[in-house]
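Just below is one structure, and these are the notes that go with it.
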Amino acid sequence: MKGQTIIKNAKIVNEGKIVEGDILIENAIIKEINTSISVKSADMTVIDAEGNYVLPGMIDDQVHFREPGLTHKANIETESKAALAGGITSFIEMPNTNPQTTTVEKLEDKFSIAAKSSHANYSFMFGGTNDNLDEILKVNPKTVAGLKLFLGSSTGDMLVDDPAVLERIFSSTDMVISVHCEDEATIRTNLAKYKAEYGDDIPMEKHPIIRSEEACYLSSSKAIELAKKTGARLHVFHLSTGKETNLFSNKIPLKDKKITAEVCIHHLWFSDEDYAQKGSHIKWNPAVKTSKDRDQLWEALLDDRIDVIATDHAPHTLEEKNNPYTSAPSGGPLVQHALVALLEKHHQGKITIEKIVEKACHNPAILFDVEKRGYIKEGYYADLVIADLNSPWTVNKENILYKCGWSPFEGNTFKSRITHTFVNGQLAYNNFKVLDVKAGQRLTFNR
Ligand SMILES: O=C1C[C@@H](C(=O)O)NC(=O)N1
């Protein structure tokens, strides 16, 4: 769909306001936003959004799309399509692929794969290890979203556990350092205890006790301490405990913060009460914790100690997930259902749509200095999502788009659906159908 498109009669959600009006898209860009824009030529595509909301496309700052090397679980093409169906128009993908994204050459390889196959806009995190400081220093921070460090082990064997190396990395890179925080020694001690009791078939309910609150708090505290000492720009991924939320401030505007935090959909939705029914399908690292933790995460999100909502979309096959505890990998697919899950929380009175847009669209753009995305503004890229808040649908095997073919939300009915997703001005998703336009572009940064 080249040329001009008008979205008419929309409730436009942007920068804390909802305004009724029309949006004119010309090629990739939002040309005009006005109360009423007239259709001047028969060539214009007109979409009537009467009664529906138009949001900026979500920018998901943490996904695992498994390419290269783990493509039996997922690939950039399949998961970027699922992302569009969920209203995510830009993603930042993680380095724990095979090979890992730990050299500049491997990073360039990933950019080439995405250029050929991504349906959504993309960038990557470079991966740090105990011995790749020379490669980290070769990365031009203007060209990539940031640096990812696993300070607790998870899928992909990328633990960075040498304190001297960590201090060197924190002191020497200008990239946003995004960290997975779980204290490895604490996890190992707890795991050994439960293995002695149960062998490999540890009950899933023990996951948040093994990957405990203390493991998270200790690791997050240490990372923050190091960032304060070195002046590094730190972003703590996927907070899962109430205790950690107290490590973050809401007294500074996001653009001036040196230490920021993210929360993920699964930690906002599930609690330890769900392990009995969902088992390994809600096994994530960090673990889903108690309902009290979940409440405290919501509180910190709404009072701005937590800056960003993401998915940590991390698909594994059902066969892998159905293994006993010690060999069932952590992670699950989420990009297709994140926004409708948040809109469900809006229906429940938990969060306003304006706040969803702030945390899932505006703030990732501010935090990573993403150029001309994350807002509905004239001159910005037309990455737009139309959401019908009163059109219930149920997640099932037939409508799941993930390559792994399952979802922790299976059987769940959501009141809202995404009806249209535009990427760079092109209609790329329309009512349960991903269109074959492949309009994704490489994200650029204002740095
Ligand atoms: O940190 C991570 C990694 C992810 C994966 O499977 O890649 N799965 C998780 O649960 N947490």
Side-chain angles (χ1 to χ4, degrees), residues 61-64 66 69-70 92-107 110 123-139 141 144-191 210-212 214-241 244 247 258-262 264 284-287 310 312 314 329-331 368:
D61 78 353
Q62 191 188 176
V63 304
H64 304 261
R66 308 301 193 201
L70 302 168
I92 297 172
E93 207 268 346
M94 297 299 116
N96 58 338
T97 43
N98 186 11
Q100 299 165 343
T101 320
T102 51
T103 66
V104 172
E105 193 193 340
K106 298 293 175 243
L107 176 66
K110 257 194 182 178
S123 191
F124 297 99
M125 290 265 169
F126 194 73
T129 67
N130 279 327
D131 52 22
N132 76 337
L133 184 60
D134 53 333
E135 286 291 326
I136 293 174
L137 295 178
K138 281 189 214 160
V139 179
V144 70
L147 178 72
K148 166 80 181 277
L149 301 176
F150 282 88
L151 306 183
S153 62
S154 197
T155 309
D157 208 8
M158 290 192 74
L159 179 67
V160 188
D161 58 356
D162 181 331
V165 168
L166 270 179
E167 181 149 353
R168 257 181 273 138
I169 296 175
F170 272 57
S171 309
S172 53
T173 179
D174 290 333
M175 284 188 272
V176 177
I177 303 176
S178 299
V179 282
H180 175 127
C181 287
E182 288 184 287
D183 183 64
E184 194 60 18
T186 308
I187 298 169
R188 286 199 184 155
T189 307
N190 293 342
L191 181 61
I210 294 168
R211 293 210 169 231
S212 62
E214 214 35 51
C216 296
Y217 185 75
L218 198 59
S219 178
S220 296
S221 310
K222 276 193 199 159
I224 290 170
E225 208 175 294
L226 191 55
K228 285 185 175 156
K229 180 174 167 195
T230 56
R233 173 68 189 85
L234 182 73
H235 183 44
V236 182
F237 270 164
H238 43 43
L239 295 194
S240 64
T241 67
E244 286 170 289
L247 297 167
K258 297 239 13 172
I259 296 169
T260 50
E262 174 208 82
C264 290
W284 270 279
N285 300 333
D312 191 11
S330 293
F368 290 96

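Just so you know, these numbers come straight off a predicted model, no measurement behind them.
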Discussion item. Can you confirm whether more than 12 heavy atoms, excluding those of D157, are under 6.0 Å from its CG atom?
Written reply: no
Practice prompt. First locate atom CG of L226, then atom CG of L151, and finally report the distance between them rounded to the nearest 0.5 Å.
Written response: 9.0 Å
Discussion item. Minimum heavy-atom separation for D61 and M94, please, with both atom names.
Written reply: O-CE, 3.4 Å
Discussion item. If you apply the rule ring pair (Phe, Tyr, Trp, His ring centres under 6.0 Å), what do you find for F150 with H180, and how did you get there?
Written reply: CA-CA 5 Å; F150 282 88; H180 175 127; 5.5 Å; yes
Practice prompt. Mind running side-chain contact (heavy atoms from CB on, under 4.5 Å) on N132 and F126 for me, showing each step along the way?
Written response: CA-CA 11 Å; N132 76 337; F126 194 73; 3.9 Å; yes
Worksheet item: CZ/F124 to NZ/K106 distance, rounded to the nearest 0.5 angstrom?
Response: 14.0 Å
Discussion item. So P141 and T173, do their side chains get closer than 4.5 Å, heavy atoms only?
Written reply: no
Discussion item. With rounding to the nearest 0.5 angstrom, report the NZ to CG distance, K228 to L234.
Written reply: 10.0 Å
Practice prompt. Of all the heavy-atom pairs spanning L239 and A261, show the shortest one and how long it is.
Written response: CD1-CB, 3.9 Å
Worksheet item: Is there a salt bridge (charged side-chain N to carboxylate O under 4.0 Å, His left out) between K138 and E135 once you walk through the steps?
Response: CA-CA 5 Å; K138 281 189 214 160; E135 286 291 326; 2.7 Å; yes
Worksheet item: Which pair of non-hydrogen atoms, one from C216 and one from S240, has the smallest distance, and what is that distance?
Response: SG-OG, 3.6 Å
Discussion item. Side chains of S220 and E244 only: does a donor on one sit below 3.5 Å from an acceptor on the other?
Written reply: yes
Discussion item. Quick one, M158 with T102, criterion side-chain contact (heavy atoms from CB on, under 4.5 Å). Give me CA distance, side-chain angles, the key distance, then yes/no.
Written reply: CA-CA 10 Å; M158 290 192 74; T102 51; 3.7 Å; yes
Worksheet item: Any chance the side chains of N96 and H64 put a donor and an acceptor closer than 3.5 Å?
Response: yes
Practice prompt. Could you tell me the separation between the CG atom of D162 and the CD atom of E167, rounded to the nearest 0.5 Å?
Written response: 11.0 Å
Worksheet item: Just how far is it from atom CG of L149 to atom CE of M175, taken to the nearest 0.5 Å?
Response: 9.0 Å
Worksheet item: Would you say the side-chain atoms of E262 pair up with the backbone N or O of H238, donor to acceptor, closer than 3.5 Å?
Response: yes
Discussion item. Less than 3.5 Å apart, any donor N or O on the side chain of H235 or S178 sitting next to an acceptor on the other?
Written reply: no
Worksheet item: For D161 and N130, what are the C-alpha separation, side-chain angles and deciding distance, and is it a side-chain contact (heavy atoms from CB on, under 4.5 Å)?
Response: CA-CA 7 Å; D161 58 356; N130 279 327; 2.8 Å; yes
Discussion item. On a heavy-atom basis, which atom in V236 and which in C181 lie closest, and how many Å separate them?
Written reply: CG1-SG, 4.1 Å
Worksheet item: Does E214 reach the side chain of T241, with side-chain heavy atoms less than 4.5 Å apart?
Response: no
Worksheet item: Do you know the tightest heavy-atom contact between C264 and Q62?
Response: SG-NE2, 4.1 Å
Worksheet item: Do you know which two heavy atoms are closest between F170 and A232, and how far apart they sit?
Response: O-CB, 3.4 Å
Worksheet entry | Stepwise side-chain contact (heavy atoms from CB on, under 4.5 Å) check, D312 with F237 | CA-CA 9 Å; D312 191 11; F237 270 164; over 6 Å; no
Worksheet item: Taking T189 for the side chain and A185 for the main chain, is one N or O donor matched with an acceptor at less than 3.5 Å?
Response: yes
Item to complete: Check whether any side-chain heavy atom of M125 lies under 4.5 Å from a side-chain heavy atom of T101, and answer yes or no.
Response: no
Discussion item. When you compare the side chain of K222 with that of D183, does any pair of heavy atoms fall below 4.5 Å?
Written reply: yes
Fill in: Euclidean distance, S154 OG relative to I187 CD1, rounded to 0.5 Å
8.5 Å
